[in-house]
Amino acid sequence: GLIKGGKHSMLAIEYQSNIFGPDWIKRFANYFLTFVHALARDPEIPIGQAGVIPDDERNLLTVALNDTTSDYPRDYGLGELLARQIANPANAPRIALQDHTRKITYGQLGKQVCAVAAGLGDLGVAPGDIVAVAAERTLETIITLLGIAWHGGAYLPIDKSLPGDAIGTLMDDCGAKILLADRSEMDRLSGITGIIRIAPLPDNNSKTKTDPAFAKRTGNDLAYVMFTSGSTGKPKGVLIPNRAVARLVLNNRSLGFDHHDVMAQAASLGFDAATLEIWAPLLNGGRLVIVDNDTLFDPDALHDTLVNG
């Protein structure tokens with residue numbers, strides 16, 4: 001209650017400590033006193049217009065939390081941003097990608113990404129094209145996605161549960177002309193090769209006469225396409241530009257990343273969480289660790305992978 005004592009007043013609050021903590025009660029008291037002060041300043045003010053939020057909290061909510069402006073490379077393609085990390089001499093010996101048996105440094109990654117980009121060129125893929133990818137989450141698949149970005153294309157992750165006709169519909173909707181698949185998906189989708197152009201993942205270890213330079217793209221150019229599940233109707237494609245990915249992972253004041261970070265890649269490539277998992281470490285000189293499905297569903301193995309990663 002509010003207790004009057006001479007020139008001063010005191011607020012006494014009785015509460016159940018097994019339900020409410022002291023910090024919560026202090027906040028409640030601050031709200032109440034702010035409300036009382038508002039009424040004291042203007043007794044005629046309607047109750048619904050009397051403020052309850054203290055000035056410092058109001059400033060936090062309306063100003064500080066909305067001050068999200070940061071300088072980031074908004075006008076570059078992901079391939080060029082990746083090239084910066086690969087070209088950084090300090091990154092050359094650092095591990096860029098690894099799974100439970102293999103490790104790839106940034107120096108090696110540059111060669112392999114270029115090999116994929118060259119393979120895409122041989123397939124007739126041009127900068128700006130959308131390339132569908134149906135494959136398990138492996139080092140080769142991740143390098144394929146990086147190679148598509150390097151080549152200036154946009155990738156469309158395809159869930160392995162989708163039947164062939166559904167894949168064809170998604171590709172038609174977004175204009176993808178080719179589907180890259182790993183061996184198991186090549187076998188599964190062999191019956192629709194006359195409808196969809198399917199090719200194996202480009203060989204990331206093939207030798208090229210010259211390493212192709214990254215394709216110059218802008219921040220507004222497409223980075224990837226992701227479709228909704230279609231649980232409420234027809235799946236809808238979402239077009240994600242390069243700028244959006246750069247904004248998420250570079251100089252993000254809420255989520256800071258640098259070359260010390262090690263990120264687990266555990267999400268399905270068709271789930272937007274994979275965007276953060278893949279690009280946050282690799283555009284900051286960090287390490288991406290592929291966690292396979294067997295490990296994901298084995299608590300002990302997952303623990304060991306996270307600790308040792």
Side-chain angles (χ1 to χ4, degrees), residues 2 11 13 15-42 45-78 80-82 84-85 149 218-229 231-232 236-289 306:
L2 194 60
L11 177 65
I13 301 177
Y15 65 96
Q16 290 182 281
S17 59
N18 62 324
I19 299 177
F20 303 104
D23 290 339
W24 192 96
I25 294 300
K26 287 178 182 178
R27 288 187 65 194
F28 173 81
N30 210 8
Y31 293 146
F32 181 78
L33 291 175
T34 300
F35 176 70
V36 171
H37 290 160
L39 294 179
R41 286 192 301 269
D42 184 2
I45 189 173
I47 293 294
Q49 296 180 19
V52 297
I53 301 177
D55 290 343
D56 57 345
E57 186 171 345
R58 183 181 298 277
N59 182 73
L60 172 66
L61 295 173
T62 61
V63 179
L65 292 180
N66 288 293
D67 182 17
T68 58
T69 302
S70 65
D71 187 23
Y72 68 97
R74 65 185 64 221
D75 293 319
Y76 298 90
L78 295 183
E80 183 170 358
L81 296 175
L82 178 63
R84 294 182 183 182
Q85 298 301 322
T218 72
N220 287 328
D221 287 326
L222 198 58
Y224 66 90
V225 181
M226 197 164 286
F227 277 84
T228 62
S229 64
S231 57
T232 59
K236 300 174 181 63
V238 181
L239 308 178
I240 310 299
N242 293 309
R243 176 177 296 178
V245 181
R247 177 67 181 87
L248 175 66
V249 305
L250 294 172
N251 199 23
N252 185 326
R253 291 166 56 182
S254 299
L255 293 170
F257 301 101
D258 61 25
H259 67 276
H260 296 103
D261 289 313
V262 180
M263 182 78 78
Q265 203 293 295
S268 166
L269 297 180
F271 180 43
D272 57 2
T275 302
L276 181 71
E277 291 177 345
I278 295 170
W279 294 106
L282 296 180
L283 294 189
N284 288 283
R287 183 190 310 183
L288 180 64
V289 180
L306 296 177

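Quick note: residue numbers are just sequence positions, from 1.
Among residues two or more places apart in sequence or in another chain, the side-chain contact (heavy atoms from CB on, under 4.5 Å) test is passed with Ile47 by Phe35, Leu39. Under the rule for a side chain to side chain donor-acceptor pair (under 3.5 Å), the partners of Gln265 that lie at least two apart in sequence or sit in another chain are Arg137, Glu277. With sequence neighbours excluded, no residue forms a side chain to side chain donor-acceptor pair (under 3.5 Å) with Thr34. For the side chain to side chain donor-acceptor pair (under 3.5 Å) test, no residue two or more places apart in sequence or in another chain qualifies with Ser268. For Val262, the side-chain contact (heavy atoms from CB on, under 4.5 Å) partners at least two apart in sequence or on another chain are Arg287, Val289. Looking at residues two or more places apart in sequence or on another chain, you find a side-chain contact (heavy atoms from CB on, under 4.5 Å) between Ile240 and Tyr224, Val238, Ala244, Val245. With sequence neighbours excluded, the residues that form a side-chain contact (heavy atoms from CB on, under 4.5 Å) with Asp272 are Met226. Annotation: ring pair (Phe, Tyr, Trp, His ring centres under 6.0 Å) contacts of Phe20 (sequence neighbours excluded): Trp24.
The heavy-atom pair separating Ala264 from Leu306 by the smallest distance is CB-CD2, 4.1 Å. Between Leu250 and Pro73, the shortest heavy-atom distance links the atoms CD1-CG, 3.4 Å. The nearest pair of heavy atoms linking Gly219 to Pro241 is O-CB, 3.4 Å. Considering every non-hydrogen atom in both Trp279 and Ala149, the closest pair reads CH2-CB, 3.8 Å. Closest non-hydrogen pair, Met263 versus Pro281, comes out as CB-CG, 3.7 Å. Nearest heavy-atom pair, Asn242 versus Thr218, reported as atom, atom and distance to 0.1 Å: ND2-O, 3.0 Å.
Put simply, the side chain of Asp23 does not reach to within 4.5 Å of the side chain of Phe28, judged on heavy atoms. Counting heavy atoms from C-beta on, the side chains of Leu78 and Leu283 come closer than 4.5 Å.
The 12-atom threshold is exceeded at CZ of Phe257, counting heavy atoms of other residues, nucleotides or ligands nearer than 6.0 Å. Within a 6.0 Å radius of NZ in Lys26, no more than 12 heavy atoms belonging to other residues, nucleotides or ligands are found.
Judged by distance alone, with hydrogens and angles left aside, the side-chain atoms of Asn66 form a donor-acceptor pair with the main-chain N or O of Thr62 at under 3.5 Å.
Residue pairs meeting the side chain to side chain donor-acceptor pair (under 3.5 Å) criterion with at least one partner in residues 49-59, sequence neighbours excluded, are Arg27-Glu57, Tyr31-Glu57. Listed by first and then second residue, the salt bridge (Lys or Arg N to Asp or Glu O under 4.0 Å) pairs that reach into residues 237-263 are Asp67-Arg253, Asp75-Arg243, sequence neighbours excluded.
Once rounded to the nearest 0.5 Å, the distance linking OH of Tyr72 with CG of Leu248 reads 11.0 Å. Atom CG of Asn284 is separated from atom CG of Asn252 by 10.0 Å, given to the nearest 0.5 angstrom. One finds the NE2 atom of His37 at 14.5 Å from the CG atom of Asp42 (value rounded to the nearest 0.5 Å).
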